[in-house]
Amino acid sequence: MFSQHGFRAALATGLIGLLPFGVAAAQGSRPPFAEPSVVVNYADLDLGTRLGAEKLYERIEQAAAQLCPRVAFQELPRYAASLRCRNEVVAHAVSSINSAQLAAVYALHTHHLGHSAV
């Protein structure tokens, strides 16, 4: 099992690992090697509880919103790329954390009932 610091590092790596192409495609001008990152801290949360897992899921979604470009719906191709970016970042971050509660929260939010967060 990772240490607390290891979990934070893994989550940050997971968030940036998906971004080179998705964000570059969505923003157009960002080079693929300029990978942004956001570290999501959750040392204050008890992931064994539904409340703790919900709070971490919210933090992961907020981090994904920071990492993936915000695009107006009218720009449909870029908007779709932005949504894919957010969905992939969240899915990867959730699967990087070994928490059954977090996986269950993810499944409820994404309607993937009965499936893992991978």
Side-chain angles (χ1 to χ4, degrees):
M1 182 153 212
F2 290 108
S3 68
Q4 177 182 322
H5 177 68
F7 270 133
R8 287 190 307 222
L11 184 56
T13 301
L15 290 174
I16 64 172
L18 291 168
L19 294 177
F21 301 105
V23 172
Q27 289 185 333
S29 62
R30 176 176 273 167
F33 54 83
E35 296 176 358
S37 65
V38 173
V39 175
V40 176
N41 294 308
Y42 57 96
D44 61 319
L45 302 176
D46 180 0
L47 297 187
T49 67
R50 172 77 178 250
L51 183 61
E54 284 280 353
K55 186 66 178 171
L56 178 54
Y57 186 80
E58 289 173 17
R59 292 177 188 179
I60 291 170
E61 283 191 321
Q62 291 169 357
Q66 290 176 15
L67 292 170
C68 299
R70 193 170 292 258
V71 179
F73 177 76
Q74 293 79 9
E75 301 177 63
L76 197 54
R78 291 181 65 216
Y79 179 77
S82 177
L83 287 180
R84 274 192 309 277
C85 175
R86 288 181 189 200
N87 291 338
E88 290 173 3
V89 166
V90 170
H92 186 73
V94 168
S95 69
S96 296
I97 300 171
N98 187 22
S99 168
Q101 284 287 347
L102 182 61
V105 167
Y106 171 78
L108 287 173
H109 282 271
T110 59
H111 308 292
H112 290 114
L113 299 176
H115 298 287
S116 70
V118 182

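Keep in mind it's a predicted model, so treat the numbers as computed, not measured. Position 1 is the first residue of the sequence, and the numbers go up from there.
- Contact between Gly52 and Leu45 at its shortest, heavy atoms only, is O-CD1, 3.7 Å.
- Taking 4.5 Å as the limit, every side-chain heavy atom of Tyr106 sits out of range of all side-chain heavy atoms of Ile60.
- Judged purely by atom type and a 3.5 angstrom limit, Arg86 has no side-chain atom pairing as donor or acceptor with the backbone of Glu61.
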Exercise. Hey, mind stepping through Val90 and Thr110 against side chain to side chain contact (heavy atoms under 4.5 Å, CB included) and telling me if it holds?
Worked result: CA-CA 10 Å; Val90 170; Thr110 59; 5.9 Å; no

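- In this structure, Leu56 CG and Asn41 CG are separated by 10.0 Å, a value rounded to the nearest 0.5 Å.
- In terms of heavy atoms, Tyr79 sits closest to Val71 at CD1-O, 3.2 Å.
- Across all their heavy atoms, Val94 and Ala103 have their closest contact at CG1-CA, 4.2 Å.
- In this model, no donor atom of one side chain and acceptor atom of the other lie less than 3.5 Å apart for His109 and Glu58.
- Minimum interatomic distance between Ala53 and Val105 (heavy atoms only, all atoms of both residues): CB-CG2, 3.8 Å.
- Looking at every heavy atom in both residues, Ala63 comes nearest to Val40 through CB-CG2, 3.6 Å.
- Other residues, nucleotides and ligands contribute more than 12 heavy atoms inside 6.0 Å of the CG atom of Leu83.
- Of the possible donor and acceptor atoms, one in the side chain of Ser96 sits under 3.5 Å from a partner among the backbone N and O of His92.
- Closest approach of Ser82 and Cys68 over heavy atoms only: O-CB, 4.1 Å.
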